[in-house]
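All values derive from a computational prediction rather than experimental measurement.
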Amino acid sequence: IGVFDTPELMMSNPAGLSFVNQSMVNVDISMMYPSLHFQNKLNNVDGDDNIFPLPSASYLRSCDCSDFTWGVGFFTAGGMGADYMLNHALYGTTKQEYHSKLASMQGGLSAAYKFNEHFSVGASLHLVYSMLEFSMPFSLNPMAMQGVANPMTGMTFGQMFAGTPPNGFGYDEVTASAKMTDLTAIGFNGKIGVAYKVDNKLSFGLRYTLPTSLTYTGGKATMDMTAQLNDAFGKAVMGAMMQGMTQAQAQAYVAGMFTQLGIDMSKGVVANYDLDVDLTFPSSIGFGVSYKATDCLMLAADVEYLMWENAFDKMTLKLKNGNNSNINKMMGNSGAFDIEFPMNWENSLMIKIGGEYLATKELTLRLGYAYNSNPVPQSTIIPIFPAVVENHVMAGASYKVSNPITINA
C-alpha cells in the first residue's frame, strides 16, 4: 500500500500510481496448489490436489507532462475451492462429496492525480465477475419445514421431525444432499486511496476498498432428502415393531401413515430448483509504509482491517420452481423459498512485512511474511470454504533483462 512501483497499485492503492515514473505493461500468471486437510469426529482426511490458474494483465500511462496518471487492468481478485469425500453421520459408510469452486475476477479503470511532488489521491472502479458452485450435505433446523402434517392439531413437519419420540423423530437437524451449479454474478468494486511521499526514502499510503454485493443468478440446484426420509421411515418402523407389529406389518403401517400425511412415497424426495444466491465480499481499510534503509535495501509494512462481519454474516439461497410435491408439502410452499446459510464471520486483522534487496543492477531479491487472524467461528466452519491463510511466507526475485523488460518470479 505504501510502495509505489507497479501497475498492481490499481488493486492495492491507486493513489500510488502518480509516483510510478514510467508507463508500463504488466502481464503475469500464478498457479495456486493448495493443500487441504479436514478433521472432525468422523473424518481425518486430505482434500484433493487442485490447480487454480490466476492470470492478470495491466497497462499504466504515466507522463511527466501531466499530473494525471491512469491505467486499465484485469486481475484475478481471489477465490477458493475444495474437494473432499467425507463421512457424514446420516449416510453411514457411504462417503459424501464435498465440493466448491469460487472465482472472482475484476477489471477496469484506475486514475490518480498528483497535487504536488509529495501528495496524490487515486481511485479504481472495477467490474467484478464471479462464478460459484458447490455440493455437500446441507443441513437445516427441522423447524424450517413449515408444512402442516396434521391439520387436526396444526402440527408441522418441522415439529414432527424435531419432536421427542415416540411422537416425533428427535432430529436436531434435517439434511439433504445439495448440488448447486451454473451460478454467475456481475457487480462493481471501488477503491480510493491517498499516497504521501515524504522524500526518496519514506512513503505512506492509505486505501479503502468498498464492499462488493453480488447476486449469483442462473443457477441450478438439486436437493435430495432420500437418506433423511429413509432414516425417519426406519425410526418409525422400529417404533411400530416395538408396539408388537412384525416388520412387514410395521412397514405397511408406516407407509400408510406417510400417505395420510400427504407424502407420496412413489415420488421420492429429490427436487430440482432454479437458484439465485446473495453474497457480499467485505470492505477493508489498509495503511502501508515503505522505507529505503540504504541504496540497496527497502523495507515495507502493511496493516489491513477486513470487515467480514458486515459481509459474511450469512449467505442467502433463493430457490424457486421446485418440482417435487413431497418436498413442497413438507416445506409448506409451492416450490419457492429462501434459506439463510449462517456464516457469522468475524472481522480480521492482516499484518504484512517485507524487504527488497538490490543484489546487482539487474537482480532484485524479495522476502515477505503475512499474518491474518482467522475470521471463521468454529460453529459455522464449512469444509468447502477454506478461505483463510493465517501464516504466509513469500519469496521472490526480479531480473532486468534489458531497459524495458523485467522478469519477476
Side-chain angles (χ1 to χ4, degrees), residues 1-35 51-64 69 71 73-76 78 110 112 114 117-118 120 122 193 195-207 286-304 350-372 389-409:
I1 297 174
V3 180
F4 313 137
D5 59 357
T6 76
E8 290 187 352
L9 284 158
M10 298 177 202
M11 291 291 288
S12 60
N13 183 6
L17 295 172
S18 290
F19 298 108
V20 180
N21 57 11
Q22 61 182 5
S23 298
M24 63 176 69
V25 173
N26 200 55
V27 178
D28 63 71
I29 185 167
S30 301
M31 304 297 288
M32 184 170 69
Y33 301 82
S35 297
I51 302 174
F52 300 99
L54 311 173
S56 297
S58 53
Y59 169 72
L60 171 65
R61 177 72 170 119
S62 177
C63 179
D64 291 338
T69 304
F74 160 84
F75 304 92
T76 304
S110 299
K114 184 162 60 174
E117 62 182 5
H118 299 289
S120 174
Y196 189 77
K197 192 170 184 178
V198 178
D199 51 35
N200 289 330
K201 290 188 175 183
L202 183 63
S203 299
F204 298 96
L206 184 68
R207 182 217 65 220
F287 171 77
V289 58
S290 68
Y291 178 68
K292 194 167 185 180
T294 70
D295 290 341
C296 297
L297 178 64
M298 182 180 70
L299 303 174
D302 285 352
V303 177
E304 188 170 357
M350 185 185 299
I351 299 172
K352 303 177 184 180
I353 57 174
E356 177 181 273
Y357 180 70
L358 188 64
T360 69
K361 290 183 179 180
E362 293 80 22
L363 179 64
T364 303
L365 305 176
R366 299 183 182 89
L367 187 66
Y369 168 77
Y371 170 78
N372 185 15
V389 178
E390 287 190 324
N391 294 284
H392 191 176
V393 178
M394 297 143 281
S398 297
Y399 189 80
K400 192 171 185 179
V401 178
S402 63
N403 192 49
I405 299 176
T406 301
I407 297 173
N408 304 281

Separation of [Y] [atom2] from [X] [atom1] (nearest 0.5 Å):
| X | Y | atom1 | atom2 | value |
| --- | --- | --- | --- | --- |
| Ile351 | Ile353 | CD1 | CD1 | 9.0 Å |
| Met10 | Tyr59 | CE | OH | 9.5 Å |
| Thr294 | Leu299 | OG1 | CG | 8.5 Å |
| Asn403 | Gln22 | CG | CD | 7.5 Å |
| Ser58 | Met11 | OG | CE | 10.5 Å |
| Lys197 | Leu202 | NZ | CG | 11.0 Å |

Shortest non-hydrogen contact from [X] toward [Y]:
| X | Y | value |
| --- | --- | --- |
| Ser110 | Leu17 | CB-CD1, 4.0 Å |
| Pro55 | Thr76 | O-OG1, 2.6 Å |
| Ala370 | Met394 | N-CE, 3.7 Å |
| Ala395 | Leu367 | CB-CD1, 4.1 Å |
| Phe52 | Pro34 | CE1-CG, 3.7 Å |
| Asn21 | Ser62 | C-OG, 4.2 Å |

Just do the side chain to side chain contact (heavy atoms under 4.5 Å, CB included) check on Asn26 and Thr6 with the steps written out, would you? CA-CA 8 Å; Asn26 200 55; Thr6 76; 5.5 Å; no
Please check if the number of heavy atoms outside Glu362 that lie under 6.0 Å from its CD is greater than 12.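 Above 12, so yes.
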With a sphere of 6.0 Å drawn around CG of Asp199, does it hold more than 12 non-hydrogen atoms of other residues, nucleotides or ligands?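 Yes - once you tally the heavy atoms of other residues, nucleotides and ligands closer than 6.0 Å, there are more than 12.
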Residues that [X] engages under side chain to side chain donor-acceptor pair (under 3.5 Å), provided they are two or more places apart:
| X | result |
| --- | --- |
| Tyr357 | none |
| Thr406 | none |
| Ser203 | none |
| Ser290 | none |

Look at the side chain of [X] and the backbone N and O of [Y], then say whether any donor-acceptor pair between them is shorter than 3.5 Å.
| X | Y | value |
| --- | --- | --- |
| Arg207 | Ser12 | yes |
| Thr364 | Ala397 | no |
| Ser120 | Ala195 | no |

Which pairs with one or both residues in residues 3-28 pass ring pair (Phe, Tyr, Trp, His ring centres under 6.0 Å), sequence neighbours excluded? Phe4-Phe19
List the steps and the verdict of side chain to side chain contact (heavy atoms under 4.5 Å, CB included) for Met32 and Leu54. CA-CA 7 Å; Met32 184 170 69; Leu54 311 173; 4.2 Å; yes
Validation row: [X], [Y] side chains within 4.5 angstrom (heavy atoms):
| X | Y | value |
| --- | --- | --- |
| Asn391 | Tyr369 | yes |
| Val20 | Leu60 | yes |
| Met350 | Asp302 | no |
| Asn200 | Lys292 | no |

Please enumerate all residues that pass disulfide (SG to SG under 2.5 Å) together with Cys63, with sequence neighbours excluded. Cys65
Any carboxylate oxygen within less than 4.0 angstrom of a Lys/Arg side-chain nitrogen, looking at Glu356 and Arg366?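 Yes.
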